[in-house]
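A quick write-up on the structure given underneath.
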Amino acid sequence: MAAIALLASVAAAFQSFDIARQLAQHSPDPFQIGIALLRFSGLGARLPGDAVVGYMSDLPPGDRATLAFLQAQYALAPRLLRPLPARTLPQWAVGNFSRPLDVRETGARHGYVVEQDFGNGVVLYRKAVQ
Amino acid sequence: MTGWIFLLAAALGGYGLLAGLEWSRWPGPAWLGIGFRASLGAGLGIGLTSCAFVLLLWAGLPVRWCAGIASLVIAMTGALVWRRRGNAELKSGAPKQAEHPQPWLWLFRTAGVVAVALIVAGWAVATRASPHGDWDAFSIWNLRAKFLASGQPAWRYAVSPEIGGGQLGAAHPDYPLLLSATVAEVWALNGRLDPEAPAALALLFALLTLGVLVGALTWFRQETLGWLAALLLASSELFGSQVAAQYADIPLAFYTLASVCMLVAGSREHWGAAPLMFAGALAALSAWTKNEGIVFLLLVLAWTAVRDGGRALLRLLAGAAPVLLVVGIFKLVLAPFTVGLFPATASEALAKLSDPARWMTIARAYARTFWEISPWWAHPVLLLALWAWGAGLADRQQRKEGWVLVLPAAMLAADFLVYLLTVADLRWHLDTSCNRLWLQVWPASLLGLFLMVGPWPAATPAAVQCSAFGTGRSAGRGRLRR
């Protein structure tokens with residue numbers, strides 16, 4: 001009785017480990033946080049550490065847009081991202097785009113001018129002087 | 001490295017604080033007693049340090065000072081208590097309890113070590129693949145840790161309604177801060193936001209949970225049962241799959257288990273002051289870990305009041321008070337008020353409560369989660385039934401300690417009610433949280449279940465009579481009861 005309990009538990013522990021190993025092998029970093037950290041590393045260095053930063057994206061509201069926002073928020077924290085449009089515009093804003101588009105025009109729509117395009121869909125904006 | 005040294009100091013402080021528990025009467029091998037006390041103490045010390053850290057941040061101190069002072073205060077308090085109570089304990093010369101032989105114990109220990117090694121290996125493989133953890137880790141717990149670690153003034157973003165872009169369920173600024181604050185302390189003192197810190201803390205809490213489970217059953221029953229319970233926990237998919245996730249559910253499971261363990265100790269001590277105060281502190285730390293922990297704390301308070309009256313309740317509250325103060329400040333002053341998941345009107349709530357389809361959907365999800373705890377051939381129900389068939393049940397007096405199962409059962413019932421009332425999509429809500437809610441109560445449930453089965457081999461009557469771990473006075477009372 002004790003032997004059966006021991007054997008079954010240890011076998012289940014091996015199976016649990018095997019599931020973890022297979023998951024790790026087949027879908028490493030499923031939310032692509034490592035890639036997000038790389039994409040935003042250059043832009044993050046240009047921003048004050050405690051800034052509130054505007055956020056704009058080309059993705060329509062939905063799961064993909066939420067994930068893209070959370071990736072950017074995690075990569076740029078401790079800066080706080082504020083989705084645009086917003087009642088008060090922060091001095092800086094970040095563009096997080098999934099496809100090529102007119103980044104100047106997108107920024108201008110929200111009252112921002114391009115400060116630097118880092119490529120790969122990452123753009124730093126500065127608030128336009130009124 | 002500095003962060004880990006200070007965290008170790010906090011853990012040692014917790015170890016010292018536990019000096020009031022009459023360790024000289026520990027019934028098992030000394031190394032296991034030290035491991036059990038270290039597991040309980042580390043959780044206690046780390047939790048209390050996170051409370052002090054947030055209070056100091058709120059007071060306006062620089063973040064590195066907050067982390068350093070918080071750890072040192074807990075370490076020094078623990079050292080003072082240990083010096084006073086530990087010396088008194090040594091002088092008391094309380095006799096160590098007799099151990100009765102447990103054949104094949106080495107096999108249980110070996111199997112336990114193998115299972116723990118597999119947990120660590122699974123964690124290592126998963127962490128190498130996803131060093132930043134799963135969804136809630138980067139969107140809630142570690143994100144808020146980054147804010148806290150940045151110090152003045154950006155730490156307040158951790159409780160800002162704006163995080164997560166202001167979306168419901170994206171970042172939860174109202175969630176308690178134990179885990180995020182602990183990660184932030186290590187990050188602040190290390191001077192860098194390395195992903196290894198939250199990953200290592202996730203593993204630490206998993207190991208502490210296993211340590212408390214083995215130790216508690218060695219304390220209350222026999223070491224063999226402790227290792228078997230730890231094996232069932234470590235081998236369950238429910239537990240193993242969450243170790244590398246870097247969520248707060250395993251820390252909550254730890255505090256729930258530790259508090260239940262102290263409640264059992266308190267009942268054996270005829271609701272003596274020390275174990276009850278620790279039970280209160282640990283239950284309050286569960287409230288400081290996740291909102292579900294607040295429900296657990298309320299259940300513990302209500303159950304103690306009903307079971308043993310106002311005096312026991314006051315002792316529990318005395319232990320919980322320092323942490324409750326911090327939870328109160330956090331909930332009433334710092335965190336934004338969120339209605340979140342619940343209906344806005346009573347009629348909407350009644351409509352949800354009276355919908356049989358919702359009851360069925362939730363019941364099915366509960367049954368599926370329970371079924372998927374482990375593969376069928378290693379399912380705890382099967383193995384426990386097998387064990388009970390071979391070793392029998394605990395004697396009638398000991399079986400009564402299975403009352404602790406009321407607490408995890410009531411937690412699951414409260415969760416069931418939340419699912420009935422939720423305004424979020426029910427299927428999404430169940431898919432994303434049901435297994436973790438079961439995980440939160442799983443170690444405490446295993447403790448309760450193993451308190452009800454018999455030891456193997458059956459203890460001699462003399463050994464059973466000596467099984468109370470506490471003062472000679474209370475052990476005598478135990479004998480009288482029988």
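No hydrogens, no waters, no symmetry mates; every other heavy atom, side chains included, goes into these values. Chain letters run A, B, ... following the sequence lines, proteins first, then strands; residues in each count from 1.
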Side chain, backbone, both or neither: which part of [X] has an atom under 4.5 Å from a heavy atom of chain B?
X     : result
A/A11 : both
A/Q15 : side chain
A/I19 : side chain

Options [options], ranked by heavy-atom pairs under 4.5 Å with chain B, top entry:
options             : result
A/I33, A/D50, A/L67 : A/I33
A/L6, A/D29, A/L81  : A/L6
A/A3, A/S16, A/A5   : A/S16

Identify which part of [X] has an atom lying under 4.5 Å from any heavy atom of chain A, answering side chain, backbone, both or neither.
X      : answer
B/F108 : both
B/L118 : both
B/T127 : neither

*More than 12 non-hydrogen atoms from neighbouring residues, nucleotides or ligands closer than 6.0 Å to CH2 on B/W377, yes or no?*
yes
*With a cut-off of 6.0 Å (strictly less than), are more than 12 heavy atoms of other residues, nucleotides or ligands near CZ of A/F14?*
no
*Fit a plane to each ring of A/F31 and B/W135, take the angle between them on a 0 to 90° scale, and name the class: parallel (under 30°), tilted (30 to 60°) or perpendicular (over 60°).*
perpendicular
*Over 60° means perpendicular and under 30° means parallel, so classify the ring planes of B/H172 and B/Y175, tilted if in between.*
parallel
*Top contributor to chain A contacts, counting heavy-atom pairs under 4.5 Å, from B/A378, B/S130, B/A154*: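 Looking at each of B/A378, B/S130, B/A154 in turn, B/S130 comes out on top.
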_When B/A244, B/S235, B/A121 are compared by non-hydrogen pairs under 4.5 Å with chain A, the top option_ = B/S235
_Residue pair A/R46 / A/Q116, side-chain donor-acceptor N/O under 3.5 Å_ =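 Side-chain D/A pair, A/R46 to A/Q116: present.
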*Just by modelled atom types, is the B/P173 backbone N or O under 3.5 Å from a matching donor or acceptor in the B/R144 side chain?*
yes
*B/D425 side chain to B/W428 main-chain N or O, any donor-acceptor pair under 3.5 Å?*
yes
*Between A/D58 and A/R99, is there a side-chain N and carboxylate O pair less than 4.0 Å apart?*
yes
